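Following: one structure in structure tokens, then a few remarks.
The figures here come from the full heavy-atom set of this structure, side chains too, leaving out hydrogens, waters and symmetry mates. All of these numbers come straight from a predicted model, not from anything done at the bench.
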Amino acid sequence: MWHLRGRSSVTAAAAAALHKPVAHLRLLLAVSAWSVPAAASNVAAASTTTRGGPSPSAGVAPRAMPSSSSSPPSAAEGTTAAAGGFRLTEPSFLESLMPKKEIGVDRFLAAHPEYDGRGALIAIFDSGVDPAAAGLQTTSDGKPKILDVIDCTGSGDVDTSKVVKADDDGSIVGASGTHLIINPSWKNPSQEWHVGCKLVYELFTDTLTSRLKKERKKKWDEHNQEAISEALKQLNEFEKKHSKSDDAKQKMAREDLQNRLEYLRKQAEGYDDRGPVIDIVAWHDGDVWRVAVDTQGLEGNKNCGKLADFVPLTNYRLERKFGIFSKLDACSFVANIYDDGNLVSIVTDCSPHATHVAGIAAAFHPDEPLLNGVAPGAQLISCKIGDTRLGSMETGTGLVRALIAAVEHKCDLINMSYGEPTLLPDYGRFIDLASEVVDKHRIIFISSAGNNGPALNTVGAPGGTSSSIIGVGAYVSPAMAAGAHCVVQAPAEGMEYTWSSRGPTADGDLGVSISAPGGAVAPVPTWTLQSRMLMNGTSMSSPSACGGVALLVSAMKAEGIPLSPYTVRKAIENTAASISDVPEEKLTTGHGLLQVDRAFEYAQQAKELPLVSYRISINQVGKPTSKLRGIYLRGSNTCRQTSEWTVQLDPKFHEDASNMEQLVPFEECLQLHSTDSSVIKIPEYIMVTNNGRTFNIVVNPVNISSGLHYYEVYGIDCKAPWRGPIFRVPITVIKPIALSGEPPALTLSNLSFKSGHIERRFINVPIGASWVEVTMRTSAFDTPRRFFLDTVQICPLKRPIKWEAVVTFSSPSLKNFSFPVEGGLTLELSIAQFWSSGIASHEPTCVDFEIVFHGISVDQKIIGLDGSEAPVRVVARSLLASERLVPVATLNKVKTPYRPVESNLCSLPPSRDRLPSGKQIIALTLTYKFKLEDGAEIKPRVPLLNNRIYDNKFESQYYRISDSNKCVYSSGDVYPNYVKLSKGEYTLQLYIRHDNVQLLEKLKQLVLFIERKLEKKDFIQLSFYSEPDGPTVGNGTFKSSILVPGEPEAFYVGPPSREKLPKNVLPGSVLVGSITYGAVSSFSKKDDQNQHAPASYSISYLIPPSKVDNDKEKGVSSGRKSISERLDDEVRDTKIKFLSGFNQETEDDKSSWTALVASLKSEYPKYTPLLAKILECIVQKATSDDKFSHQKEIIAAADEVVDSIDKEDLAKSLSLKPDPEDEEAQKNKKKMEETRDQLADALYQKGLALAEIESLKTDESTEASAKDVFEENYKELIKWVDAKTTKYGSLTVLRERRCGRFGTALKVLNDMIQDDSEQPKKRLYDLKIQLIEEIGWVHVSAYEKQWMHVRFPPSLPPF
């Protein structure tokens, strides 16, 4: 899932390629130049998938809303009216790229030029700010712009706990194995160097990595092509010289040259650059910790990137210095050292998003002042919450550490342009901690409302759903449209972007607090190879508002006005400029467009007032409902009667407020108002003290028209009415229309759309409806038109049920859609023409829209087959109209539950993980083991935690999957992803954090599921029956039926047959899939096939216990051994087994083992299994210093095994084909096969030992004699087994290598490596690199060495 709330302008081609919804938020981030041609920019705007301003529902009369401000400023000064509407000058064009006039910045700075953000410190919670980006070096008064750069996620952490000492020549061995030269000028009193390493691509964005891979592959291809040319030349020369030779050796030599050529060609085809490894070295210079980085591998030039040439860094906050990896990547990075040098954090950005956001808030361009950010005098800290390992998704760890950093740095403001939908508003660990930061530490928290509009109820967490956070919607002015977006004709008035999220929240809060410009051309990181880029989204409106508030903070500090988030919020909300006079538009725009100058005037007047915020908690009288923050009536039943609500009004002071000086004397007399007294009844006055006050509201919506209605109850200070509303109670009433007909349908004819126009309809979805079929027809327009179609239903304790589509009509035409719905819940249908679509055309779009409800109701939505042979009875009904019942059920995944094999609780170091309250965060690491018998796509699932970031009481659920080599195959967090794994054993570690150890203790046995996709050929299609015995006897198959309204019909869902069950599935696992019951009726059918209804339900099948193997209970044949013989065999086998566990660590142990071996040999002479076990023990024995003697010992033991076997008898026995029904013959065959394997293993181990001895010897005559023995031994081996298989292939590789046939050796070795039966073995890859180096392919050797760090890292990375 993508969580950044911003979008960049993209070209039409790129937009088309990327035109798809991404999870819950429609947004794209692509790198492109901002100075695109007008036409291209316009097309791009219409092609992005992020989703501005709803029109009022028909029949709603405008009602006055409380506001201290008039409408927003008209077109920016410096523009000229023209027949076409809007004309820009060069200065006004540049101003439009970084919009500030819209929020009154020009007026404010003209009156207060020194209040340009100076003294304000903003924490940017985002993807990481590039300190090298344009405009982010200094403030307007010459101070450093960025005070700290922190990776809060841990994605750049490098383990540097390994300590080394330098050699006499001043060199050390880095963690990657590279020899590094230490700069002699570096001070290190302890002479201890902490070393670590990191694959550099793990620090880069996918975009940067893709660019580097292309550039690096060019160079690699050049080297590879040279090697191919040379190999081809050698082959041609050989064939020319030996064209008619039939000599076996010549044939093998030719085959070797061909294998070399083929290997190089395959390398080119399978090239996958995993990037170079960088070495990190940390040390303490007597004053501070320092870090140096060796990046030689990046540019492929040994003279560049040397460790000794690196200018050492320390924690950024101390010296504010950064490094650049190389000229090739142009990527800057920061280093921070933690835990006494044992951990180094390499901080890079995971997206251009944060730098762009920071530039909007506070960039300072002394040579281009029109492109300055909103608060050029403000300073920043960058808190990276987007995890590079997860693309750029935020994690709980990153969010909490960011809050800790913001408090530690005494920040004034936080900007967070991240978020997602939530099932519970104003709930969760991060929300609790954020509220503490605001209430106790007085930090103003501003965040984006989301890009999920235009439907209502689309504001996301945390910005749109949290009481302590100011949520910001996205506004576009005519100047922005003409300048930044380069539209052909700007709109006459400003508006909210189509895609900007709307309120209310599920508990009735407004959702959007204020609006601000939602697009800008702002700085981006240097690695993008450009200085600025256009992005638009609420990600951009949030820093625009944050920059505006920073100006306010700057002014309040300068004039000694007490600074409080409560005062600031009241000032900006009560002075915002109304964007629309229609009350319902507050759900879109919030209280209006921020106006900095007016907010400051308000703050000046409020200087002596108490620093207090009113918190509202609402309950409906007579209902034990949870505490609400507004009144939200959504449904026909709630609108048919009057309801009464109790409002608890609680003044909230900051935690350091004085009891005697602030709390006791606090008293305010408030006059209550409602925006429509015919619907809302309230008391006239209330007196509020520190302990709060309750009052009741009566809502009577009986006589209002259908559609959307918005009201407010607000309180005015009787002594200071200029303050405007002191508190507000938002009241949203949605009165849906009821449908009739069979099936129920709604037809909207001749709807007229212009750019930015939105039509909303609210429909009472009939009970029994489960899906909808929609037809949309457009006509009467010239240029292509783009529409956003949204539907939303609200269900308790669940994220909004949302369907969305982005549709482009290039010419008048018709389109069909279908999507699931929940019967009995109000459905909002939102149809919006994109704000810039058709903007230059004078012809409106005519739309005819028909929505038809269908449904098949079943008595059990979730079907669970219990693993028995019994089917499950299902009763289906159609309540709306006749429907065709066509059940289809497919099982396509298997879920296997696991418990942890290990759990570990540890207190985390305080440097990053101590909360502002002083509590220490504790980590629980759970370790799970699982095995795959075949390669598969799998995904871990933690039902308790998954799919919740903000509405979760635990702050992390990060996991990683690794193998025995410590190679990490996958990592994830809240939204696990599928990963393709080979056959083998794997370890999954789950990392959960909290400061409450008792809560973590409860999770020590947390159940986790491994969900595995079945291959398509293994999908299980379930059968349906009209009889209960159908699955057993095979009669009464049920295919389809016509449901008559109200009349039930029953059928059975049969379990899958035993033969269809997937192999290697553990009992207790669950096969899962989906079942559908209906078919779409109104669409054209293709190939006479039914299109299944979009409403699908879960179905599962519990894997039963395995079949009992009765063969084990059968007696053996009558020729079985006597009890005495069997006892002797058991004793013998136990003695042999005992050999394996015999410890040989001391000399006494070795002597005892030798004596035992001699005794057993004497007792069981020439018993092959005994001799094979002795050989196995000798091979596994730790090698002594005398390697030569050890290999001799192996050869002697192998010879004993070989001599114990009658090879002629063995060959004869293996050549015979026994009778399958003759049990004794089958047993004898199996015994002979075991003997053959023991013989082959002895020959194999002898061959390896001979090769090792050969490598240890230097006497040439001895070498020649050893070669003869080796060759004879190898020839004997290949009589019995295929020596090129994985089991014995190593010996073949050694043989080919001894003969100088490196190409053939490589081919055999590659075949062994590619065998999926086992996980990678390091010795095979080491051997591969040796062979490549002996051939002389330097570029291939370097490539394989890089991969070694991927396949066999020295340790698992930190969490």
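One finds the CZ atom of Arg532 at 10.5 Å from the NE2 atom of His356 (value rounded to the nearest 0.5 Å). Atom CD of Glu95 sits about 10.0 Å away from atom CG of Leu371, to the nearest 0.5 Å. Atom CG of Leu380 and atom NZ of Lys145 lie 5.5 Å apart (nearest 0.5 Å). Taken to the nearest 0.5 Å, the CZ atom of Phe653 stands 10.5 Å off from the CG atom of Asn659. Here the CD1 atom belonging to Ile122 is positioned 12.0 Å from the SG atom belonging to Cys383, to the nearest 0.5 angstrom. Rounding to the nearest 0.5 Å places NE2 of His441 at 12.0 Å from SG of Cys411.
Counted by atom type alone, Thr575 and Glu601 present zero donor-acceptor pairs between their side chains at under 3.5 Å. At a cut-off of 3.5 Å, with distance as the only test, a side-chain donor of Asp426 or Ser467 sits close to an acceptor on the other residue. Between the side chains of Asp141 and Thr139, at least one donor N or O lies within less than 3.5 Å of an accepting N or O. At a cut-off of 3.5 Å, with distance as the only test, no side-chain donor of Glu496 or Thr588 sits close to an acceptor on the other residue. Between the side chains of Asn415 and Ser542, at least one donor N or O lies within less than 3.5 Å of an accepting N or O. Residues Arg569 and Ser613 have side chains that never bring a donor and an acceptor to within less than 3.5 angstrom of each other.
Side-chain atoms of Pro131 and Tyr316, non-hydrogen and from C-beta on, do get closer than 4.5 Å to each other. Inter-residue side-chain proximity for Val647 and Val713 is flagged as unmet; no heavy-atom pair is nearer than 4.5 Å. Pro916 has its side chain out of reach of Leu403: every pair of non-hydrogen atoms, C-beta onward, lies at least 4.5 Å apart. Inter-residue side-chain proximity for Asp116 and Phe364 is flagged as unmet; no heavy-atom pair is nearer than 4.5 Å. In this structure the side chain of Val400 reaches within 4.5 angstrom of the side chain of Leu915, judged on heavy atoms. Annotation: side chain of Gln595 is in contact with side chain of Arg107 (closest heavy-atom distance under 4.5 Å). The closest side-chain heavy-atom distance from Glu408 to Ile381 is not below 4.5 Å. Two residues are said to be in side-chain contact when any heavy atoms from C-beta on lie closer than 4.5 Å; Glu394 and Phe125 fail this criterion.
In plain terms, the two heavy atoms of Met416 and Phe445 that are nearest each other are CB-CE2, 3.7 Å. Closest approach of Ile572 and Ala599 over heavy atoms only: CG2-CB, 4.0 Å. The two atoms that bring Val688 and Arg693 nearest to each other are CG2-CB, 4.3 Å, heavy atoms only. Here the shortest heavy-atom pairing between Ile385 and Gly398 reads CG2-O, 3.5 Å. Here the closest heavy-atom approach between residue Arg629 and residue Pro425 is recorded as NH2-CB, 3.6 Å. In plain terms, the two heavy atoms of Ser447 and Ile469 that are nearest each other are CB-CG2, 3.6 Å.
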| request: Could you check Lys410 against Leu121 for side-chain contact (heavy atoms from CB on, under 4.5 Å), going step by step and ending with a plain yes or no? | output: CA-CA 8 Å; Lys410 294 181 170 55; Leu121 180 57; 5.8 Å; no

| task | Before giving the answer on side-chain contact (heavy atoms from CB on, under 4.5 Å), spell out for Arg728 and Asn574 the whole-Å C-alpha distance, their side-chain angles and the decisive distance to 0.1 Å. | result | CA-CA 11 Å; Arg728 293 178 170 92; Asn574 281 358; 3.1 Å; yes

| Between Leu551 and Val374, does a side-chain contact (heavy atoms from CB on, under 4.5 Å) hold up when you go through it step by step? | CA-CA 8 Å; Leu551 300 180; Val374 179; 4.1 Å; yes

| query | Would Val549 and Val553 satisfy side-chain contact (heavy atoms from CB on, under 4.5 Å), going step by step from the backbone distance to the final call? | reply | CA-CA 6 Å; Val549 175; Val553 169; 4.3 Å; yes

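Side-chain atoms of Thr589 come within 3.5 Å of backbone atoms of Glu585 as a donor-acceptor pair (strictly under, hydrogens ignored). At least one donor-acceptor pair under 3.5 Å links the side chain of Tyr602 to the backbone N or O of Arg723. With hydrogens and angles ignored, the 3.5 Å screen pairs no side-chain donor or acceptor of Ser448 with any backbone N or O of Gly450. No side-chain donor-acceptor contact under 3.5 Å links Thr567 to the backbone of Leu611. Formation of a donor-acceptor pair under 3.5 Å by the Gln662 side chain with backbone atoms of Pro610 is not found in this model. Checking side-chain atoms of Asn372 against main-chain N and O of Met98 turns up no donor-acceptor pair under 3.5 Å. Judged by distance alone, the side chain of Ser500 and the main-chain N or O of Ala474 form a donor-acceptor pair under 3.5 Å.
Within the structure, every pair that satisfies the side chain to side chain donor-acceptor pair (under 3.5 Å) test and touches residues 545-566, not counting sequence neighbours, is listed here: Tyr115-Glu559, Asp412-Lys557, Asp439-Tyr566, Glu559-Gln604, Ser564-His654.
Screening Lys570, Glu668, Lys652 for a side-chain hydrogen bond (donor to acceptor under 3.5 Å, both in side chains) with Tyr614, the sole residue that qualifies is Glu668.
Ring planes of His673 and Tyr714: parallel class, angle under 30° (limits at 30 and 60°).
Around the CD atom of Gln648, the shell of radius 6.0 Å holds more than 12 heavy atoms that belong to other residues, nucleotides or ligands. Atom CD of Glu319 has more than 12 neighbouring heavy atoms from other residues, nucleotides or ligands inside a 6.0 Å radius. Heavy-atom neighbours of Glu684 CD from other residues, nucleotides or ligands within 6.0 Å: at or below the threshold of 12. The local environment of NZ in Lys440 is crowded, with over 12 non-hydrogen atoms from other residues, nucleotides or ligands closer than 6.0 Å. Counting heavy atoms of neighbouring residues, nucleotides and ligands inside a 6.0 Å radius, atom CE of Met687 exceeds 12 of them.
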